[in-house]
Amino acid sequence: MAYWLVKTEPSECGIDDFAKTPEGVIPWDGVRNYQARNFLAKMQEGDYVFIYHSSCKHIGIAGVVRVVKSAYPDPTQFDPESPYHDPKSTPEKSRWQAVDMQFERKLPRLIPLDQLKAMPELCDLPLVRKGSRLSVMPVSNREWHHILGQAD
DNA sequence: GCCAACGTTGGC
DNA sequence: GCCAACGTTGGC
């Protein structure tokens with residue numbers, strides 16, 4: 001069992017979209033960065049994932065979801081209608097992966113980016129590194145619990 | 001809306 | 001394989 005963090009714009013798919021249908025399963029697709037994809041591919045069923053809201057009013061970690069299906073070829077890459085379409089990808093030679101996620105819980109309050117940046121324990125987390133654009137990243141057990149400790 | 005930092009592309 | 005040009009990310 002491992003811990004992760006994914007970035008998302010809440011206007012696209014935020015923690016409230018998960019909370020709306022707690023039984024529902026949301027495919028995490030559209031990842032188009034190789035390093036992020038490689039991390040996606042390592043996710044296992046049962047892993048916990050922080051949902052981080054970016055490019056919005058309240059930037060920070062908003063909740064927790066869980067991996068319910070490990071990596072499979074991202075269908076949006078084959079769909080010419082999709083904004084995530086990748087013409088260089090074919091079902092025989094697919095480039096991109098998706099996983100399925102399900103709501104776990106919202107944090108009692110959002111942990112803002114400022115606060116995360118102020119935690120010395122998180123200095124190795126790409127999220128708080130200047131200029132880092134990585135949208136899927138591993139979180140160590142230690143980091144995970146430090147972050148959760150800020151949520152009360 | 002601005003713009004710095006970054007990842008990717010493609011000519012050479 | 002280098003690197004300039006470009007498009008994108010994402011905080012501010």
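The chains referred to below are lettered A, B, ... by the order of the sequence lines, with proteins before strands, and numbering in each begins at 1. This is a predicted model, so every value here is computed, not measured.
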Q: Figure out the CE/C1' separation between A:Met137 and C:dT9, and round it to whole Å.
A: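 In whole Å, C:dT9 C1' and A:Met137 CE are 12 Å from each other.
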Q: Indicate yes or no for a side-chain donor-acceptor contact from A:Asp47 to the backbone of A:Ala2 under 3.5 Å, with no hydrogens or angles considered.
A: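 Checking the backbone N and O of A:Ala2 against the side chain of A:Asp47, a donor-acceptor pair under 3.5 Å is found.
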Q: For A:His53 and C:dT9, what is the distance between atoms NE2 and C1' respectively, to the nearest whole Å?
A: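 Those two atoms, NE2 and C1', are 17 Å apart.
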Q: With distance as the sole test, does A:Ser82 use its side chain to make a donor-acceptor pair with the main-chain N or O of A:Tyr84 at under 3.5 Å?
A: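 Here the side-chain-to-backbone pair exists.
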Q: Using a 3.5 Å distance criterion without hydrogens, assess whether the side chain of A:Arg95 forms a donor-acceptor pair with backbone atoms of A:Ser89.
A: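 No.
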Q: How close or far is atom P of B:dG7 from atom CZ of A:Arg129, stated in whole angstroms?
A: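 Atom-to-atom, A:Arg129 to B:dG7, this comes out as 12 Å.
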Q: Return the value, rounded to whole Å, for the distance between atom NZ of A:Lys7 and atom P of B:dG7.
A: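 Rounded to whole Å, this separation is 11 Å.
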Q: A:Gln35 CD to B:dG7 C1': how many Å, rounded?
A: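 Between C1' of B:dG7 and CD of A:Gln35: 10 Å.
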Q: From the options C:dG11, C:dC12, C:dG10, select the nucleotide whose nearest atom is closest to the side chain of A:Tyr52.
A: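 Ranking C:dG11, C:dC12, C:dG10 by closest atom to the A:Tyr52 side chain puts C:dG11 first.
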Q: Expressed in angstrom and rounded to an integer, what is the separation of A:Leu134 atom CG from B:dT8 atom C1'?
A: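 Those two atoms, CG and C1', are 16 Å apart.
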Q: Ignoring the backbone of A:Lys130, work out which of B:dA5, C:dG10, B:dT8 is nearest its side chain.
A: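 Among the listed nucleotides, the one closest to the side chain of A:Lys130 is B:dA5.
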Q: Counting the atoms with a prime plus P, OP1 and OP2 as sugar-phosphate, which does A:Lys57 contact under 4.0 Å by heavy atoms, base, sugar-phosphate, or nothing?
A: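 The answer is nothing, as A:Lys57 stays clear of every strand by at least 4.0 Å.
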Q: Between A:Arg95 and A:Gly131, who's closer to the 5' end of DNA chain B by nearest nucleotide?
A: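 The 5'-side residue here is A:Gly131.
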Q: For A:Asp16, is there an ion pair with A:Lys106 - N to carboxylate O distance below 4.0 angstrom?
A: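 So A:Lys106 pairs with A:Asp16 through a salt bridge.
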Q: Give one of base, sugar-phosphate or nothing for A:Ser54, where a contact means two heavy atoms less than 4.0 Å apart.
A: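 Since only primed, P, OP1 and OP2 atoms lie under 4.0 Å of A:Ser54, the category is sugar-phosphate.
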Q: Can you check the A:Leu113 CG to C:dG10 P distance for me, whole Å?
A: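 My rounded result for the distance is 12 Å.
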Q: What's the closest nucleotide to the side chain of A:Lys88 if the choices are B:dT8, C:dC12, B:dG10?
A: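 Nearest listed nucleotide: B:dG10.
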Q: Please give, in whole Å, the distance from B:dT8 C1' to A:Asn33 CG?
A: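 In whole Å, B:dT8 C1' lies 10 Å from A:Asn33 CG.
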Q: I'd like to know if the side chain of A:Gln102 reaches the main chain of A:Glu23, judged simply by a donor and an acceptor atom lying under 3.5 Å from each other, with no hydrogens or angles considered.
A: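 Yes, the answer is positive, given that a donor and an acceptor are paired below the 3.5 Å cut-off.
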